[in-house]
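Beneath this line is the structure, given in structure tokens, with notes to follow.
Remember, predicted model here, so these are calculated numbers, not experimental data.
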Amino acid sequence: MDIVWWLIIILSFIFSYVGLVYPVLPSPLFLWISVLVYQFAVNGNELGLWYWITMVVLTIVLLISDIIINSKAVKHYGGTKWGERMAAIGVIIGSFVFPPFGVILVPFIFVFITEYIQKEDLQEALQSSKGAIIGFLGGTLAKFIIQTFIIGWFILNVTLL
């Protein structure tokens, strides 16, 4: 039975990385599935209090990092509040429309249209749209680093303790 539990743990970790490309798959949920399966099905004594506290904090950071980075990038490149909102909506819609490329193209198009309608300036609209792409890529990189840290720390806790 341990093989089945470990298979679930490993597959959940893999799906957490797939969630970086397909935002419809909630990466934090898959991370938690892995850790909770280990805790309740494999060994409930190895993961200490500091691991759980850090896991909660990093999950919160993981959830808000994408929103904050995307918002800051669109704003940094001259986008309006509506541009920031359309970037977030575009990521959600893009993950369904044309995965995995839709999460980059759809926000770019949404921000471009929104900013062009508001400012009627092609260059400013393109600049804000560039911010949506940079924000998404930056948020994805941040999530990748955080997830890798969580998984690495899990492996260290499981193998060294």
Side-chain angles (χ1 to χ4, degrees), residues 1-77 79-108 110-111 131-161:
M1 194 63 189
D2 275 351
I3 293 172
V4 173
W5 295 125
W6 277 106
L7 188 61
I8 292 170
I9 292 168
I10 292 167
L11 287 174
S12 293
F13 280 145
I14 291 169
F15 279 127
S16 76
Y17 282 113
V18 173
L20 296 174
V21 180
Y22 293 97
V24 174
L25 297 175
S27 295
L29 175 64
F30 288 108
L31 290 171
W32 276 92
I33 287 171
S34 296
V35 174
L36 291 173
V37 165
Y38 181 80
Q39 179 72 22
F40 294 110
V42 177
N43 187 343
N45 298 324
E46 285 190 17
L47 302 175
L49 179 63
W50 282 110
Y51 182 84
W52 290 106
I53 291 170
T54 305
M55 185 71 178
V56 168
V57 170
L58 288 177
T59 300
I60 293 167
V61 171
L62 193 62
L63 292 171
I64 63 173
S65 68
D66 200 24
I67 297 166
I68 291 172
I69 291 171
N70 204 357
S71 176
K72 294 286 185 190
V74 171
K75 189 179 216 175
H76 177 74
Y77 283 90
T80 62
K81 283 287 182 195
W82 276 106
E84 294 175 38
R85 292 177 186 132
M86 293 310 288
I89 292 169
V91 168
I92 295 166
I93 292 173
S95 62
F96 291 107
V97 174
F98 185 53
F101 305 107
V103 294
I104 295 173
L105 294 175
V106 175
F108 178 87
F110 279 20
V111 171
I133 292 173
I134 290 170
F136 174 76
L137 294 175
T140 301
L141 178 62
K143 289 190 300 187
F144 176 82
I145 292 168
I146 294 167
Q147 283 182 212
T148 301
F149 178 80
I150 289 171
I151 293 169
W153 197 22
F154 171 81
I155 291 169
L156 285 174
N157 273 279
V158 169
T159 58
L160 295 179
L161 298 177

>> Within this structure, what is the CG-CG distance for the pair Leu36 and Leu29, rounded to the nearest 0.5 Å?
In response: 9.5 Å
>> Working note: Trp32 + Thr59, criterion side-chain hydrogen bond (donor to acceptor under 3.5 Å, both in side chains); need CA distance, chi angles, decisive distance, verdict.
In response: CA-CA 9 Å; Trp32 276 92; Thr59 300; 2.7 Å; yes
> Restricting to pairs with a member in residues 132-147, which pass salt bridge (Lys or Arg N to Asp or Glu O under 4.0 Å), not counting sequence neighbours?
Replying inline: Asp66-Lys143
>> Please give me the minimum heavy-atom distance between Phe136 and Leu20, naming the atom from each residue.
In response: CZ-O, 4.2 Å
> Does CD1 in Ile53 sit with more than 12 non-hydrogen atoms of other residues, nucleotides or ligands closer than 6.0 Å?
Replying inline: yes
> When you look at Ile93 and Phe110, which way does the side-chain contact (heavy atoms from CB on, under 4.5 Å) test go after all the steps?
Replying inline: CA-CA 10 Å; Ile93 292 173; Phe110 279 20; 3.7 Å; yes
> Can you list the residues that meet the ring-ring contact (aromatic ring centres under 6.0 Å, His included) rule with Tyr22, with sequence neighbours excluded?
Replying inline: none
>> Give me the atom names and distance for the closest heavy-atom approach of Val103 to Val91.
In response: CG1-O, 3.7 Å
> Under the side chain to side chain contact (heavy atoms under 4.5 Å, CB included) test, which residues partner Leu137, sequence neighbours left out?
Replying inline: Ile104, Ile133
>> Restricting to ring-ring contact (aromatic ring centres under 6.0 Å, His included), what partner residues turn up for Trp5, sequence neighbours left out?
In response: none
>> To check you understand the geometry: which heavy-atom pair defines the closest contact between Gly83 and Val74, and what is its length?
In response: C-CG1, 4.0 Å
> Residues two or more places apart in sequence or in another chain: which of them pass side-chain hydrogen bond (donor to acceptor under 3.5 Å, both in side chains) with Thr140?
Replying inline: none
>> So Phe15 and Ile33, do their side chains get closer than 4.5 Å, heavy atoms only?
In response: no
>> Among residues at least two apart in sequence or on other chains, which ones pass side-chain hydrogen bond (donor to acceptor under 3.5 Å, both in side chains) with Ser27?
In response: Gln147
> How close do Leu58 and Ile146 get, heavy atom to heavy atom, and via which atoms?
Replying inline: O-CG2, 4.0 Å
>> Using the ring-ring contact (aromatic ring centres under 6.0 Å, His included) criterion, which residues pair with Phe101? Sequence neighbours excluded.
In response: Phe98
> Among all residues two or more places apart in sequence or in another chain, which pass the ring-ring contact (aromatic ring centres under 6.0 Å, His included) test with Trp6?
Replying inline: Tyr38
>> Is there a side-chain contact (heavy atoms from CB on, under 4.5 Å) between Lys72 and Glu84? Walk through the geometry before answering.
In response: CA-CA 8 Å; Lys72 294 286 185 190; Glu84 294 175 38; over 6 Å; no
>> Would you say that Asn157 contacts Glu46 through its side chain, given a criterion of any heavy-atom pair below 4.5 Å between the two side chains?
In response: no
>> Could you work out, with side chain to side chain contact (heavy atoms under 4.5 Å, CB included) as the rule, every residue matching Ile134, not counting sequence neighbours?
In response: Tyr77, Lys130
>> Going by the rule side chain to side chain contact (heavy atoms under 4.5 Å, CB included), which residues pair with Val35 if we only count those two or more places apart in sequence or in a different chain?
In response: Leu47, Tyr51, Trp52, Met55, Phe154
> Any salt bridge (Lys or Arg N to Asp or Glu O under 4.0 Å) pairs touching residues 4-15, not counting sequence neighbours?
Replying inline: none
> Are Ile151 and Ser16 side-chain neighbours, meaning at least one heavy-atom pair lies under 4.5 Å?
Replying inline: yes
> How many angstroms lie between OG1 in Thr54 and CG in Leu49, if you round to the nearest 0.5 Å?
Replying inline: 9.0 Å
>> Ignoring hydrogens, what is the shortest heavy-atom contact between Pro107 and Ala87? Give both atom names and the distance.
In response: CB-O, 3.7 Å
>> Going by side-chain hydrogen bond (donor to acceptor under 3.5 Å, both in side chains), name the residues that satisfy it together with Thr148, two or more places apart in sequence or in a different chain.
In response: Tyr17
>> Please find the pair of heavy atoms, one from Ile69 and one from Gly135, that lie closest to each other, and give the distance.
In response: CG2-O, 3.5 Å
> Do Ser12 and Leu31 have side-chain heavy atoms sitting under 4.5 Å apart?
Replying inline: no
